[in-house]
Amino acid sequence: MSTTPAAVLWDMDGTLVDSEKVWTVSLADTARALGGALSAGAREAIIGSNLPRTLGIMFDDLGLPPDADRMAEAERMILRRTGELFRAGLEWRPGAQAALRAVRAAGWPTALVTNTGRELTELALDGIGREHFTVSVCGDEVPRGKPDPDPYLRAAELLGVDAADCLAVEDSPTGALAAERAGAAVLVVPCEIPVPDGPGRVRRASLVGLTPEGLRADYARARGRDAA
Ligand SMILES: [Mg+2]
């Protein structure tokens, strides 16, 4: 069995770019417009979530009834504010740009797998660079976002590989769970919040210095195989 993953599946927010900080701002602005303030616990629960789940957590946290019109208005506000901030430019997570380039240079298939919707993802890709990814899957293109496995399964399908042969790179418990449920090995690189250990998971403190060789070793370790 090969110790090289069939593809590397990259999460975006918090893994490649420091966009979780941007979301923190747009969520706080939206909560304020709704007449409240998002609790720290709710903000943590939202990390890695898709928009419907985010809105549910926010309204619940603010003690607001889940009124459809008001939620739609809040959704537009979050998207508008996040879009403004994405357009202003996103910061790379440490080592992310070099790691993306190294994996691409090695000729490995890659996917961007994000819970963020297509419109915002395209804004982010203006800065990250589309050339790093063979395919991309967004949260609004699958029936259920992370923590369900759908985005990862869809990415594997588009790449024509088995998700079980892939290595996902994730920063959040929600994302790591989605990758795991899809059967992928997971490299956890925490950003804002701790991510629990688990079978099939390996971790690094950052992406700094990450090479294809390093990823091959991570994949083998996650699969409990010898990298040699
Ligand atoms: Mg993330």
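First listed ligand is number 1; within each ligand, the first listed atom is number 1.
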Side chain to side chain contact (heavy atoms under 4.5 Å, CB included) partner of [X], the single match among [options]:
{"X": "E91", "options": "V17, V22, D18", "answer": "D18"}
{"X": "V169", "options": "L9, L207, V188", "answer": "L207"}
{"X": "E170", "options": "L177, L187, V189, V186", "answer": "V186"}

Please list, in chain and residue-number order, the protein N/O/S atoms closer than 2.8 Å to the Mg ion (ligand 1).
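Checking every protein N, O and S atom gives D11 OD2, D13 O, D171 OD1.
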Could I get the full list of side-chain contact (heavy atoms from CB on, under 4.5 Å) partners for D67, not counting sequence neighbours?
D69, R70
Has D162 got a side-chain atom pairing as donor or acceptor with D165's backbone, closer than 3.5 angstrom?
no
Do the side-chain N and O atoms of T24 and R43 include a donor-acceptor pair separated by under 3.5 angstrom?
yes
